[in-house]
Number of protein chains: 2
Amino acid sequence: MTPSPRSGARGDLFDPLCPTRRLLDRIGTKWTSMAVKVLASAAPGELRFAELQRRMPGVSQKMLSVTLRNLARDGLVVRRVEPTVPPRVHYRLTDLGLSLEEVLAAVRDWAEEHMAEIDASGAG
Amino acid sequence: MTPSPRSGARGDLFDPLCPTRRLLDRIGTKWTSMAVKVLASAAPGELRFAELQRRMPGVSQKMLSVTLRNLARDGLVVRRVEPTVPPRVHYRLTDLGLSLEEVLAAVRDWAEEHMAEIDASGAG
DNA sequence: CAGCATCCTATGCGATACTG
DNA sequence: CAGTATCGCATAGGATGCTG
């Protein structure tokens with residue numbers, strides 16, 4: 001594959017621009033993985049802003065907004081606005097977003113299978 | 001599976017104690033995934049502190065120390081001290097750590113395959 | 001309804017200095 | 001050698017208020 005100009009060299013986890021580093025920075029933020037999961041559960045359908053917030057207990061309007069904006073900027077989510085008053089805004093995962101969800105599902109599976117062992121090791 | 005007392009309910013990504021949330025908090029920190037990868041590359045052998053630092057360009061003594069302490073606390077890494085003067089401290093991945101590396105490898109694969117598309121979407 | 005702007009706090013993290 | 005202790009900065013993110 002050809003790395004993008006912004007990306008570090010393939011496999012170079014030690015480059016600050018390394019894809020893995022940047023991906024972890026994204027999915028490591030508090031609400032991203034949750035938003036992707038919720039949107040994936042509705043795919044290929046869409047969800048409106050308020051509906052997303054309802055399905056993501058605890059998220060503030062600001063952080064949901066920021067999270068969705070970042071996901072849209074990254075091409076993982078499509079934002080569709082109905083020009084009504086008041087406006088209705090709909091979000092759905094792109095194919096890229098759906099493929100990310102598969103990775104996140106693997107992370108979830110690992111966590112649910114092994115987190116008890118981590119706790120048993122004396123974690124707080 | 002039986003969730004640990006500390007863990008949230010299985011599949012409940014919305015519980016702050018949810019395994020996935022807590023795992024992402026861990027692997028999302030700056031040096032964790034790099035340390036796991038480096039240790040995995042040496043598995044089943046061990047690496048000393050200084051050798052780890054050498055293979056992780058940019059990491060400070062403090063952050064490597066913190067990262068390794070957290071990994072050891074979580075049961076992902078074993079710390080072995082030779083009681084010499086000066087001391088030699090060796091680190092190796094546990095089986096649990098090795099299984100986490102598989103998940104991280106999947107994350108890396110996705111990143112290296114798709115990060116160019118994310119960049120192409122107008123990300124900064 | 002779906003946001004953006006502002007303020008504030010908590011925390012990750014780097015730099016530096018010290019120790020058994 | 002392999003840490004620990006302390007300081008300071010940058011940023012994630014929560015609370016609140018305003019707007020088209």
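Chain identifiers are assigned alphabetically (A, B, ...) following the order of the sequence lines, protein sequences preceding nucleic acid strands; residue numbering begins at 1 within each chain.
- Residue B:Arg88 has no polar side-chain atom (N or O) positioned under 4.0 Å from OP1 or OP2 of D:dA2.
- Residue A:Arg79 places at least one side-chain N or O under 4.0 Å from the OP1 or OP2 atom of C:dG3.
- When rounded to the nearest whole Å, the span between CG of B:Leu64 and C1' of C:dA15 equals 16 Å.
- The distance between atom CG of B:Asn70 and atom P of D:dG3, rounded to the nearest whole Å, is 13 Å.
- B:Thr84 comes within 4.0 angstrom of nothing in the nucleic acid, heavy atoms only.
- In this structure, the separation between CG on A:Leu64 and CZ on A:Arg55 is 12.5 Å, given to the nearest 0.5 Å.
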Which atoms of nucleotides 4-6 of chain D (N or O only) lie under 3.5 Å from a protein N or O atom, and what are those distances?
from	atom 1	to	atom 2	distance (Å)
D:dT4	OP2	B:Ser65	OG	2.7
D:dT4	OP2	B:Arg69	NH2	2.9

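- When the C1' atom of D:dG14 is taken as reference, atom CE of A:Met56 falls 14 Å away, rounded to whole Å.
- Using a cutoff of 4.0 Å between basic side-chain nitrogens and carboxylate oxygens, A:Glu51 and A:Arg54 are scored as salt-bridged.
- Ion pairing of A:Arg80 with A:Glu46 is present here, as a side-chain N (NZ or NE/NH1/NH2) and a carboxylate O approach within less than 4.0 Å.
- Rounded to 10 degrees, the angle separating the terminal helix axes of the helix from C:dC1-D:dG20 to C:dG20-D:dC1, each built from five base pairs, is 40°.
- Using a 4.0 Å cut-off between charged nitrogen and carboxylate oxygen, A:Glu113 and A:Arg108 do not count as a salt-bridge pair.
- The side chain of B:Ser60 has C:dG14 as its nearest neighbour among D:dG3, C:dG14, D:dG14.
- A:Arg79 CZ to A:Phe49 CZ: the interatomic distance, rounded to the nearest 0.5 Å, is 9.5 Å.
- With rounding to the nearest 0.5 Å, the separation of NE2 in A:His114 from CG in B:Leu76 is 10.5 Å.
- Between the NE2 atom of B:His90 and the C1' atom of D:dA2 there is a distance of 12 Å, given to the nearest Å.
- The phosphate of C:dC1 (OP1 or OP2) has no side-chain N or O of A:Arg48 nearer than 4.0 angstrom.
- Each of C:dG14, D:dG3, D:dG20 was ranked by its minimum atom distance to the side chain of B:Met63; first place goes to C:dG14.
- The interatomic distance linking B:Gln53 (CD) with C:dG14 (P) rounds to 11 Å, in whole Å.
- How far CG of B:Asp25 is from OG1 of B:Thr29: 9.0 Å, rounded to the nearest 0.5 Å.
- Remark: C1' of C:dA2 and CZ of A:Arg80 are 15 Å apart, rounded to the nearest angstrom.
- Rounded to an integer number of Å, the gap from CD of A:Glu51 to C1' of C:dG3 is 18 Å.
- Within a 6.0 Å radius of CZ in B:Arg48, more than 12 heavy atoms belonging to other residues, nucleotides or ligands are found.
- In this structure, the CG atom of A:Asp25 is 18 Å from the P atom of D:dA10, given to the nearest Å.
- A sub-4.0 Å separation between OP1 or OP2 of D:dC1 and a side-chain N or O of B:Tyr91 is absent.
- Interatomic distance, OG1 of A:Thr20 versus CD1 of B:Ile27, reported as 11.0 Å (0.5 Å rounding).
- Between B:Arg69 and B:Asp74 there is no salt bridge, since no side-chain N of the basic residue sits under 4.0 Å from a carboxylate O of the acidic one.
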